[in-house]
Number of protein chains: 2
Amino acid sequence: MATSAKPAAKRGARQPSLAQLRAFAAVAEHLHFRDAAAAIGMSQPALSGAVSALEETLGVTLLERTTRKVLLSSAGARLAVRARAVLDEVGALMEEADAVRAPFTGALRLGVIPTVAPYLLPTFIGLVHEKYPDLDLQVHEEQTSSLIEGLGAGRLDLLLLAVPLGVPGVTELPVFDEDFVLVTPLDHWLGGREGIPREALRELNLLLLDEGHCLRDQALDICREAGRADAPVTTTAAGLSTLVQLVAGGLGVTLLPRTAVRVETSRSNQLLTGYFADPAPTRRVALAMRTGAARAAEYEALAAALRGAAKPLPVRVL
Amino acid sequence: MATSAKPAAKRGARQPSLAQLRAFAAVAEHLHFRDAAAAIGMSQPALSGAVSALEETLGVTLLERTTRKVLLSSAGARLAVRARAVLDEVGALMEEADAVRAPFTGALRLGVIPTVAPYLLPTFIGLVHEKYPDLDLQVHEEQTSSLIEGLGAGRLDLLLLAVPLGVPGVTELPVFDEDFVLVTPLDHWLGGREGIPREALRELNLLLLDEGHCLRDQALDICREAGRADAPVTTTAAGLSTLVQLVAGGLGVTLLPRTAVRVETSRSNQLLTGYFADPAPTRRVALAMRTGAARAAEYEALAAALRGAAKPLPVRVL
DNA sequence: AGGACTGATAGCTAGTTCCGATCAACACGA
DNA sequence: TCGTGTTGATCGGAACTAGCTATCAGTCCT
């Protein structure tokens, strides 16, 4: 209404500038003007003025400052979150601009779970090097919970893991479904059979991975669905290779995802693989990214390429 | 890598300014420089320069311009979404600053569904006028789908309706649960009874509201849960008052939320109310806001106040 | 061919931002 | 109690940015 354009009084409710928001966000983080100024590469007086100007335009006291220390007012704490959100959004915009200018270049920080990494990474890395040679692939092998945390914190860009995750803000790009198979010692009564009913799981001495591996939880779920009441765990192992060696040693049987079978069972001649009756228990392997990620289009292209590369594997491509 | 910090060439990959983003967003919306310039209150040359500068800093061609028309490049379309997101965040920040500076003042655009409005609004309006006299309450009565659309579009700030909605991005603040009661003509065999089993609904000639009212869907759900297979609908009405008049006229029975009973049944002496056996069918009434709304704290306070004001009503306050 | 519209450019002005230097208030140690 | 170092705020001047008005050049319609 009465918003005159030209003279604008002096403190006419103007818009905050990004520099002001950046200054405020830095102070809110460091709670120290000089450190904050150094962190964002401006002088302390400039930062001091920027924050004051922001308080002026917003009409809100953001900081309680004494000459000895700085703390956020309650309003400041709320608005610091907003300021950070704005800056993140700007960062996403610039990142997307970079991606548009030069797609499939730069760093791609990929997180992979241990029960997928050894079997699918050769395919994935080969694919990236061939189709996107300018992409600098940095692989991090961690467990699911750590990967999701890293994705949310911006430490990772893309995950390769078992889904569904059911995490808000994370978009899953399915790649394939693969069956679980039963790995047994040579002399086991289920060794090498096909059409094994799931109910057989009720009676087996099943070896599992350590806590934290999603494969462990999936195996327990499968047992529960098969009607097993007790926890089958007596021994656990840190990796699938170890697990298979325990099976070869006769300590029990285990479930292996189909893509892991060739690599893991070829190391020993003391093993047999058994296949479940349809519908066999499965897990879904997918890529996962932050919803609305700047490079979403590239990640989707990667997912499509990975589906193509998975065609020769003994899986059901999605 | 070779990003030198100090000299920064001349076009050193700087940060876009908010003014530039605003300019670009306006052009993306209008696809017309002069109109866009007028819309954001700056001159056409200034806007032209701002967009050019943005393209320069991002290193991306945002617009395909001929002298006769402007269209977004594909990169421009993607980045326009980001730009809009940044500006929305800034808007939220300023709005939150306003809210901090003067909570419970200014306009509050409240959307209410027709089956709640007549019975709860007197309470709500009274509450607002008493506790928050500076709040300018603007009420809009619409059906649920329209309200949710308006909330998402920023046309409305807060909704008062039946939940759960299950809409992402919308946060529900439950207020109370209320029973449904059965309204019948005087001579109906269920008239005035208590402990009515739900199964009675299977055989009744139930009158419903028109399509689009959530109360209609809830009534149909209740019938389905009661084991009724066919659709009970023969006649429909545009409002609860009409519905009750039809009942009084002997055309059938209907379900009414408990808060509506006093107002609607007092208009006729041809009506009786029947109560269901525990657990009676219920609906939950709640406030709903955009998740992360700038004035979330105020809306939560309003919800709490509304719960207090609902204590005298025949409902279960949450 | 003329007129009317488009976005781009030029030149100028005003406002803003930034820095270095400095100040005033406070905390801590001797 | 009195230095001494550290804190954020202030000052004055230089550099830059962004905005405006006026104008230009290309395109479409009549």
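Note that the structure is a prediction, hence the values are computed from the model and not measured.
Nucleotide dG7(C) holds its C1' atom 12 Å from the CG atom of D35(B), rounded to whole Å. If you take CZ of R65(B) and C1' of dA25(D), they are 15 Å apart, rounded to a whole angstrom. If you take CG of L54(A) and P of dT17(C), they are 11 Å apart, rounded to a whole angstrom. Summarising the geometry, the separation between CZ on R22(A) and P on dT17(C) is reported as 13 Å, rounded to the nearest angstrom. One atom, CD of Q15(B), and another, P of dT17(D), lie 15 Å apart when rounded to the nearest Å. Rounded to a whole Å, the NE2 atom of H32(B) is 13 Å from the C1' atom of dC28(D). The separation between H30(A) atom NE2 and dT7(D) atom C1' is 16 Å, rounded to whole Å. Separating the CG atom of L62(A) from the P atom of dG8(D) is a distance of 16 Å, rounded to the nearest angstrom.
In this structure, a donor-acceptor pair under 3.5 Å is present between the side chains of T171(A) and T291(A).
For L151(B) against L156(B), the heavy-atom pair with the smallest separation is CD1-O, 3.6 Å.
Side chains of L18(B) and S17(A) form no contact here, defined as non-hydrogen atoms less than 4.5 Å apart.
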message: What verdict does the salt bridge (Lys or Arg N to Asp or Glu O under 4.0 Å) test give for E300(B) and R295(B), after you've listed the backbone C-alpha separation in whole Å, the side-chain angles of each residue and the deciding distance to 0.1 Å?
response: CA-CA 9 Å; E300(B) 280 165 21; R295(B) 302 171 74 178; over 6 Å; no
task: Could you walk me through whether E142(B) and R155(B) pass salt bridge (Lys or Arg N to Asp or Glu O under 4.0 Å), step by step?
output: CA-CA 12 Å; E142(B) 300 167 28; R155(B) 181 167 55 77; 3.1 Å; yes
query: Going through the checks in order, is the salt bridge (Lys or Arg N to Asp or Glu O under 4.0 Å) test met by E55(B) and R65(B)?
result: CA-CA 13 Å; E55(B) 287 182 313; R65(B) 20 329 204 168; 2.7 Å; yes
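Checking the phosphate oxygens (OP1, OP2) of dA9(D), a side-chain nitrogen or oxygen of S48(A) falls inside 4.0 Å.
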- line: Under a 4.0 Å heavy-atom criterion, the protein footprint on nucleotides 18-23 of chain D, written with B, S and -, is -SBBB-
